[in-house]
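Labels below follow one simple rule: chain letters A, B, ... track the order of the sequence lines, proteins then strands, and each chain is numbered from 1. These figures come from a predicted structure and were not determined experimentally.
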Amino acid sequence: MPPSDKNPSTSALLPVVDFLKIPEGGDPYLEGSRCSQCGATFLGERSACSSCGAREQLESIRLADQGELYVYSIVHRSFPGIEVPYVSAIVDLEGGGTVKGNLINIDPEPEQIKMGMPVELVFQKAPRKDAEGNEYLTYYFQPKS
Amino acid sequence: MSDVYVIGIDMIKFGRFPDITVPKLGATAANMALDDAGLTIQDMQALYSGNLGQAAAMVGQRILAEIGQTGVPVVNCANACATGATAFREGWMAIKAGVYDMVLCVGTEQMGKGLLGGGGASKGIPTEGLLGSGTMPAVFAEAGMEHARNYGTSFEQFAKVSVKNHHHSTLNPKAMYQIETPLETVMGAEMIAYPNTKLMCSVNVDGAAAAVICSEEKARELGKMDRAVKVRASVMTSDPFQARNMSMPDVNTCTQLAAKQAYEMAGVGPEEIDLVELHDCFATAEILHYGNLGLGKPEEAGRMIDEGETALGGRVPVNVSGGLLSKGHPLGATGIANIYEVSTHLRGEAGQRQVEGARLGLTHVIGLGSACAIHILEKAQ
Ligand SMILES: [Zn+2]
């Protein structure tokens with residue numbers, strides 16, 4: 001298992017997705033963008049708003065590191081090599097932005113998982129490397145402590 | 001603008017045909033539809049072909065190579081699971097526009113077995129099972145859980161959809177399966193992505209379906225009105241923006257929008273529809289579309305399945321063909337196959353599964369991404 005501290009040393013780790021930012025000497029976070037015309041929130045950078053069509057009106061924002069579980073599925077069959085079961089979660093972040101990720105530190109049983117429950121982001125080294133052996137930082141959700 | 005009529009339509013029995021080429025599957029259905037119309041390929045002024053797996057490989061032209069290269073224009077369509085419906089609609093539009101009097105529309109697909117969706121990463125590491133799941137059973141499980149969250153719909157209610165559609169398919173010789181699956185069997189089957197068990201996932205099959213459609217003038221001239229089916233509405237939509245779009249595909253909004261437009265175009269209300277073939281790619285999806293298509297209020301969907309309102313003999317039978325869950329889901333063929341099913345009922349030729357007195361029917365498909373297509377069909381007067 002990766003280190004259990006909330007924010008492990010992130011130097012030399014690559015972000016698992018472009019919208020995960022690893023600032024030099026700072027804590028990792030998820031980046032979004034917000035349309036100044038209509039207020040829509042998106043994951044990552046964007047040059048135009050798919051809600052209202054505004055161009056060059058989007059500003060980068062730091063997405064919240066907590067939110068609530070919107071919906072989920074407990075995945076029991078996936079592609080070869082993917083460890084199951086796991087909880088695929090859709091999370092509405094506080095202040096805007098909806099993110100999909102694994103929900104960890106919870107039993108993968110419907111009785112244990114409550115839609116609407118508060119959850120928080122944790123950043124950990126991913127248990128996979130790419131073909132060149134590079135290591136990655138990923139994010140998960142867990143029940144809010 | 002002329003009304004458009006279906007005057008010949010058929011589908012092959014869905015199954016697994018790894019040794020038959022995609023064009024041959026399509027050609028078989030095309031000839032069946034031409035025979036049903038009592039016409040030949042020489043009578044067709046254009047071909048609209050839907051296929052997803054070989055979208056770049058000129059499937060329509062290769063079908064003509066099997067049935068007659070008459071030199072007519074061919075349009076190849078790919079639009080995820082709405083591919084067949086898109087090909088049909090392109091043909092409908094050409095006749096509406098008055099460019100042609102009579103065209104052939106064919107949908108064809110050859111599928112492998114196994115999971116769809118959630119493919120590998122183009123760079124970095126695969127995110128499947130790390131950042132949630134992109135597999136189709138999980139995506140539609142999450143869509144179902146949204147209904148559960150909003151309206152209290154249960155695992156058992158979702159499972160009942162599969163019991164119903166598998167039962168329907170026992171009456172359909174063209175379905176992949178003709179097997180009863182009691183509730184315990186459905187709920188006890190291998191869990192793929194909660195709440196979808198294996199028996200709540202559509203079957204990947206090979207298949208083809210085809211339709212000959214024409215203008216009203218042509219149908220009358222040829223004396224085909226007695227078995228003709230009128231296209232009262234043909235509508236397609238994409239996703240209007242929703243805040244969760246980037247993380248959660250939305251099959252609801254595009255369906256609601258398409259349904260509203262289709263009922264307006266047809267000048268009928270959902271209470272007048274006698275049967276529906278809707279996109280039950282997963283059991284969870286069918287429940288969502290009862291509300292999306294106006295067959296009941298969204299919060300009534302669980303009760304509708306509990307009380308058999310959408311079963312054969314109920315208030316508004318849904319997926320009497322067996323649906324994608326049991327008839328099977330050859331992606332590019334599905335949109336024309338469900339038009340075949342509804343047309344067969346409107347013609348009074350559906351045998352054991354006939355919805356008695358059917359006059360108006362609705363077909364619905366969703367290609368995730370999304371493309372929603374709805375057709376409303378009526379027995380010709
Ligand atoms: Zn905007």
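Smallest separation of non-hydrogen atoms from B:Gly124 and A:Asp130: O-CB, 3.8 Å. When every heavy atom of B:Thr127 is checked against every heavy atom of A:Val17, the shortest pair comes out as CG2-CG1, 4.5 Å.
In this structure, A:Arg128 and B:Leu130 have side chains that are in contact, with non-hydrogen atoms separated by less than 4.5 Å.
Rounded to the nearest 0.5 Å, atoms NE2 (A:His76) and CG (B:Asn196) are 11.5 Å apart. Atom-to-atom distance recorded for B:Met191:CE and A:Ile74:CD1 is 7.5 Å, nearest 0.5 angstrom. Rounding to the nearest 0.5 angstrom, the gap separating the OG atom in A:Ser50 from the CZ atom in B:Phe241 is 5.0 Å. Here the straight-line distance linking atom CD1 of A:Ile113 with atom CE of B:Met145 works out to 8.0 Å at 0.5 Å rounding.
For B:Gln242, no part sits under 4.5 Å from any heavy atom of chain A, backbone or side chain. If you measure heavy-atom distances from A:Leu43 to chain B, the contacts under 4.5 Å come from both the backbone and the side chain. With a threshold of 4.5 angstrom between heavy atoms, A:Leu69 approaches chain B through N, CA, C or O but not through any side-chain atom. Proximity to chain B involves both the backbone and the side chain of A:Ser51, based on heavy atoms less than 4.5 angstrom apart.
Under 4.0 Å is where a charged nitrogen must lie from a carboxylate oxygen, and between B:Glu128 and A:Lys100 no such pair does.
In this structure, a donor-acceptor pair under 3.5 Å is present between the side chains of B:Glu146 and A:Tyr70.
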